[in-house]
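Below is one structure, written out as structure tokens; comments come after it.
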Protein chains: 2
Amino acid sequence: MSIAERKERQRAERYELILAAARELAEAEGWDAVTTRRLADLINYSQPVLYSHFKGKAEIMAAVATRGFEELAARLEAETVKAAGAGGVLRNVCAAYVDFARSHAVVYEAMFVLPTNIKFASDDTPPALRAAFAALVAALGPDRREPVFLAEVLWGALHGLVVLMQSGRIPASGAEARLEVLVEKFSDKAQVSGPLEPHKPA
Amino acid sequence: MSIAERKERQRAERYELILAAARELAEAEGWDAVTTRRLADLINYSQPVLYSHFKGKAEIMAAVATRGFEELAARLEAETVKAAGAGGVLRNVCAAYVDFARSHAVVYEAMFVLPTNIKFASDDTPPALRAAFAALVAALGPDRREPVFLAEVLWGALHGLVVLMQSGRIPASGAEARLEVLVEKFSDKAQVSGPLEPHKPA
DNA sequence: GGTCTAATTCTAGCGCCGCTAGATTTTATG
DNA sequence: CATAAAATCTAGCGGCGCTAGAATTAGACC
């Protein structure tokens with residue numbers, strides 16, 4: 001391996017080290033604890049070295065978010081192909097979304113809660129974010145009127161539940177039942193079936 | 001007026017001055033710009049004086065949020081009595097919620113987005129927050145199964161739309177049409193009517 | 001009106017933050 | 001081995017939330 005290749009590999013490794021450090025520190029102590037001084041300590045370099053990889057702290061968080069979009073997209077896409085054609089696709093995709101948010105709470109915050117320089121709904125939107133959204137659209141099933149629009153409303157409803165529960169503003173207990181209500185309201189059957197069965201919060 | 005009364009009045013006035021300064025600075029430049037130094041400058045006292053009214057910056061924001069709960073509750077309650085019994089109550093209350101969030105964006109952030117020490121869904125919850133939530137419950141109409149639970153899901157859906165639009169993650173255009181979709185899904189008629197009319201995003 | 005005490009307010013500073021200029025060290029090249 | 005380039009570090013800037021103790025002001029009492 002050439003010297004240039006070795007240097008590039010080491011640089012890429014350090015980039016990953018920074019992202020891993022940011023994510024782990026955020027998971028352990030929250031994003032407020034993730035500072036450039038502490039990241040530098042964790043990777044055993046001085047602060048300015050971070051700035052040779054990222055334009056600033058916001059870009060570190062954006063990189064963590066982008067990894068999150070990739071993981072979320074993979075997760076949702078897996079659910080759409082797992083039960084293709086079956087009525088449970090919407091439920092599974094929605095459940096996967098909520099489960100992702102629950103199990104990757106700080107990554108989810110970086111993705112969809114904290115201020116970001118990532119562009120949404122534009123040409124500069126990360127492909128993985130588009131893919132994740134496309135999986136939501138696909139989960140609604142074929143033959144839906146205005147599927148992209150409806151997927152935006154569904155996304156809002158899922159996101160709202162997730163963030164209100166995760167910030168302690170509504171009880172986390174009852175999450176599955178609330179999800180069930182949402183899924184039924186967005187299911188293509190919602191428009192032709194009779195009165196719903198009652199739901200009991202946990 | 002006694003000296004003690006005058007002192008108490010001046011103290012209360014300064015408390016209101018601090019809240020007004022915080023809100024106005026947040027509205028002008030965002031919560032990141034609201035610092036204890038700048039608030040002190042705006043009220044023409046030194047920083048430590050803020051701490052004679054509030055335990056810390058978080059409590060200033062909580063006080064702004066509490067005022068917001070009061071305004072929101074008043075707004076939503078006004079909508080529930082305005083068209084009592086008519087089918088448009090849910091639509092009006094939801095529209096009032098979204099309009100409040102749009103026109104009080106930074107207060108809304110303090111209320112429902114930023115980290116807070118305010119207790120939700122507990123004995124310590126501010127009465128105005130309970131009242132605002134009660135107005136959502138009432139808007140769903142009588143004879144709904146699990147109305148509190150359903151109101152939580154509705155709140156999540158409204159909140160999600162609001163924050164995704166206001167943070168630029170979904171387009172702000174189309175807000176009214178998305179609200180229409182949500183209202184229809186949560187309307188008590190949603191369970192007995194036929195296929196919905198198609199919706200066109202703006 | 002003067003003095004003393006209590007209340008109020010201010011100054012100065014702590015430890016930390018994101019970020020950068022220029023110094024220093026290390027590495028690669030000839 | 002010397003030199004230049006690259007990489008990394010030190011030191012510092014301006015700012016943050018917050019507080020201890022100094023200084024000032026106000027009120028009570030004689």
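Owing to the predicted nature of the structure, the values given are computational and were not obtained by experimental measurement. The sequence lines fix the lettering, A, B, ..., with proteins before strands; numbering per chain opens at 1.
Note: NE2 (A:His53) to P (C:dT20) measures 15 Å, nearest angstrom. Atom-to-atom, CD1 of A:Ile60 to P of C:dC19 comes out at 8 Å; the value is rounded to the nearest Å. Look at CG on A:Asp41: it is 11 Å from P on C:dC16, rounded to the nearest Å. For the pair A:Tyr45 OH and D:dA7 C1', the interatomic distance rounds to 9 Å; values are reported in whole Å. B:Asp32 places its CG atom 21 Å from the P atom of D:dG14, with the value rounded to the nearest Å. Per the geometry, CG belonging to A:Leu50 stands 14 Å off C1' belonging to D:dA7, to the nearest Å. Atoms CD (B:Glu29) and P (D:dC16) sit 11 Å apart, rounded to a whole Å. Atom CD in A:Gln10 sits roughly 16 Å away from atom P in D:dA6 (whole-Å rounding).
Remark on DNA chain D: of its neighbouring residues A:Arg14 and B:Ala58, the 5'-side contact belongs to A:Arg14, judged by nearest-heavy-atom nucleotide. Residues A:Gln47 and B:Tyr51 both approach DNA chain D. Their nearest nucleotides, taken by heavy-atom distance, put A:Gln47 toward the 5′ side. Toward the 5' end of DNA chain C, the nearer of the two residues A:Lys55 and A:Thr35, judged by each one's closest nucleotide, is A:Thr35.
In terms of polar N and O atoms assigned as donor or acceptor, the side chain of B:Arg37 comes within less than 3.5 Å of the base of D:dG17 in a complementary pairing.
Taking the charged nitrogens against the carboxylate oxygens, A:Glu71 and A:Arg67 have no contact shorter than 4.0 Å, which rules out a salt bridge. Taking a cutoff of 4.0 Å between a charged side-chain nitrogen and a carboxylate oxygen, B:Arg91 and B:Glu184 do not qualify as a salt bridge.
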Any protein N or O atoms within reach of nucleotides 26-30 of chain C? Criterion: under 3.5 Å, listing atom names and distances.
| from | atom 1 | to | atom 2 | distance (Å) |
| --- | --- | --- | --- | --- |
| C:dA28 | OP1 | A:Arg6 | NH2 | 2.1 |

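Set against C:dG18, D:dT8, D:dC16, the side chain of A:Lys57 has C:dG18 as its closest nucleotide. Comparing D:dT8, C:dT9, C:dC17 by their closest approach to the side chain of A:Arg38 singles out C:dC17. Of the candidate nucleotides D:dT19, D:dT8, D:dC16, D:dT8 has the atom lying nearest to any side-chain atom of A:Val49.
Using a 4.0 Å heavy-atom criterion, one finds that A:Ser46 contacts the bases of the nucleic acid, with or without backbone contacts as well. The residue B:Arg11 sits apart from the nucleic acid: no heavy atom pair falls under 4.0 Å.
Interatomic distance, CG of A:Leu150 versus CG of A:Leu154, reported as 7.0 Å (0.5 Å rounding).
With ring centers used as reference points, B:His104 lies under 6.0 Å from B:Phe100.
Relative orientation of the A:Phe69 and A:Phe120 rings is perpendicular, given thresholds of 30° and 60° on the angle between their planes.
Looking at A:Gln166, its side chain does come within 3.5 Å of a backbone N or O of A:Arg102 through a donor-acceptor pair.
Looking only at side-chain heavy atoms (C-beta outward), A:Glu16 and A:Glu13 stay at 4.5 Å or farther from each other.
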